[in-house]
Amino acid sequence: MSIKTIAVLGAGLMGSGIAQVAAQNGFQVHLVDLTFELIEKGLHRARRSLQRLEKAGKIPAGSTETVLSRIQGFIDLEAAAEDADLVIEAVPENLELKKNIFRRLDVVCRPEVILATNTSELSITAIGAATQRPDKVIGMHWFNPPPVMRLIEIVIGRNTSPETVATIEDISQRLGKETVRVKDAQGFVTSRVLAAHMIECMRVLEEGVASIEDIDKAVKLGLNYPMGPFELADYVGLDTMLFVAENLTEAYGDRFRPPQVLRKLVEAGHLGVKSGKGFYDYTKN
Ligand SMILES: C[C@H](O)CC(=O)SCCNC(=O)CCNC(=O)[C@H](O)C(C)(C)COP(=O)(O)OP(=O)(O)OC[C@H]1O[C@@H](n2cnc3c(N)ncnc32)[C@H](O)[C@@H]1OP(=O)(O)O
Ligand SMILES: NC(=O)c1ccc[n+]([C@@H]2O[C@H](COP(=O)([O-])OP(=O)(O)OC[C@H]3O[C@@H](n4cnc5c(N)ncnc54)[C@H](O)[C@@H]3O)[C@@H](O)[C@H]2O)c1
């Protein structure tokens, strides 16, 4: 099947970036969120990113608006998905929400359409089981920011077919990304390893070993990571990191138990860059 139109569900941090990358590579995109205001916010993020790429000469001069014109906003999931050739879901990290959405997609999408999820760590097999096409359900795990990060982690559910894997590898390549194949184990490779690193850094903070700023500086300059753990947690979203840590704890035990400092920030509504405050305060500049 030739893939021309991609429906992207969720216009948040990830969905807006995924929609942008798809549009940059010539696909028509149906971008879905709960309100047109949220879709506008996502398109604004994509516009700013495209302008950066244009300024750096990474996309042709004047192409920002052409790329954006390939993205159409929808608040009706069924209307967005019914003529899509591929669906990529990027709604919040909640298994029941994702299963419910996949159930609805299964009713409305043509039988041959692949349904991919950008989940950070939830079970692809469980999401697939909510549909009558588990062979066409797959994890397509992108990284933040999607226009810059080079990898898509392809997560193969228990019933995902080899044809589905091959099609998603091909599409990922057409989107300019490298891929790795990973089994459907909680946290896959990247979220499990990242969470272990971040949680240990939060424990170091809680034990009073060093300040937020000095832990970030140590990891950046001493270990050569592009961002310190607290900068990165704020960037990814503290709510997402808490969901990931809770689910990893259920799968692997106490070593992933979410530190209090993370839980309290989320309870206070401080979700990182997207809410204006997290480990750092972004409202000051
Ligand atoms: C939890 C989930 O399931 C999985 C995840 O997503 S885990 C998180 C994965 N992501 C990471 O680990 C990100 C770590 N950080 C980084 O790689 C880098 O800090 C970064 C790429 C975000 C920014 O790079 P950095 O050098 O720190 O800053 P900056 O100079 O602003 O950006 C570098 C280049 O990227 C570009 N860039 C950064 N963000 C961009 C965006 N959103 N859109 C377009 N271009 C962007 C900049 O314009 C710049 O381009 P240039 O080299 O041509 O000037
Ligand atoms: N933030 C990251 O760094 C990152 C990286 C890789 C994967 N992920 C995963 O991607 C997914 C989305 O994360 P995010 O950071 O973009 O979250 P986000 O909160 O920024 O965006 C989620 C969007 O989905 C929308 N939404 C909620 N219910 C919806 C529905 N029923 N239909 C359509 N849209 C709906 C929300 O309004 C919101 O705009 C999660 O599964 C997350 O684990 C996140």
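FYI, side chains are in, hydrogens and waters are out, and symmetry mates aren't considered; it's all heavy atoms of this structure. Ligands are counted one by one from 1 in listed order, and the atoms in each one are counted from 1 as well. Since we're looking at a predicted model, the values are computed, not measured.
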Check whether the side chains of Q24 and Q20 place a donor and an acceptor atom closer than 3.5 Å, and report yes or no. yes
Residue-level breakdown please: for L38 versus ligand 2, do any non-hydrogen atoms fall below 4.0 Å on the side chain, on the backbone, on both, or on neither? side chain
Ligand 2 versus F243: contacting region, heavy-atom distance under 4.0 Å: neither
Looking only at side chains, do S63 and T66 share a donor and an acceptor under 3.5 Å apart? no
Using a 4.0 Å cutoff against the non-hydrogen atoms of E93, which atoms of ligand 2 qualify? 40 (C), 41 (O), 42 (C), 43 (O)
Pick whichever of L97, V91, N118, L271 has a heavy atom sitting closest to atom 40 (C) of ligand 2. V91
Pick one of side chain, backbone, both or neither for how I101 approaches ligand 2, counting any non-hydrogen atom pair under 4.0 Å. side chain
Hey, does G237 sit under 4.0 Å from ligand 2 if you only count heavy atoms? no
Heavy-atom contacts with ligand 1 below 4.0 Å: which residues, ordered by chain and residue number? S49, R52, L53, A56, K58, S120, H141, F143, N144, P145, V148, M149, S191, L194, P226, M227, L232, Y235, V236
Counting non-hydrogen protein atoms only, what is the nearest one to atom 3 (O) of ligand 2? Give residue, atom name and distance. N144 CB, 3.2 Å
Given V32, V244, L34, D33, which one has a non-hydrogen atom that is nearest to atom 37 (O) of ligand 2? D33
Applied to residues 113-138, the salt bridge (Lys or Arg N to Asp or Glu O under 4.0 Å) test, sequence neighbours excluded, yields D106-R133
Compute the minimum heavy-atom distance from T240 to ligand 2 and say whether it is under 4.0 Å. yes
Which one of A233, S120, G10 has a non-hydrogen atom at the shortest distance from atom 8 (N) of ligand 2? S120
To the nearest 0.5 Å, atom CD1 of I88 lies from atom CZ of F27 at 9.0 Å
Could you work out, for atom 24 (O) of ligand 2, the closest of G12, P146, P92 by heavy-atom distance? P92
For residues E93 and T119, is any side-chain donor paired with an opposing acceptor at under 3.5 Å? yes
Region of L13 that comes within reach of ligand 2 [heavy atoms, distance under 4.0 Å]: both
When only distance counts, is V236 in polar contact with ligand 2, meaning an N/O pair under 3.5 Å? yes
Answer with side chain, backbone, both or neither: which part of K98 has a heavy atom less than 4.0 angstrom from an atom of ligand 2? side chain
Of M14, E37, K274, M241, the residue with the heavy atom nearest atom 18 (P) of ligand 2 is K274
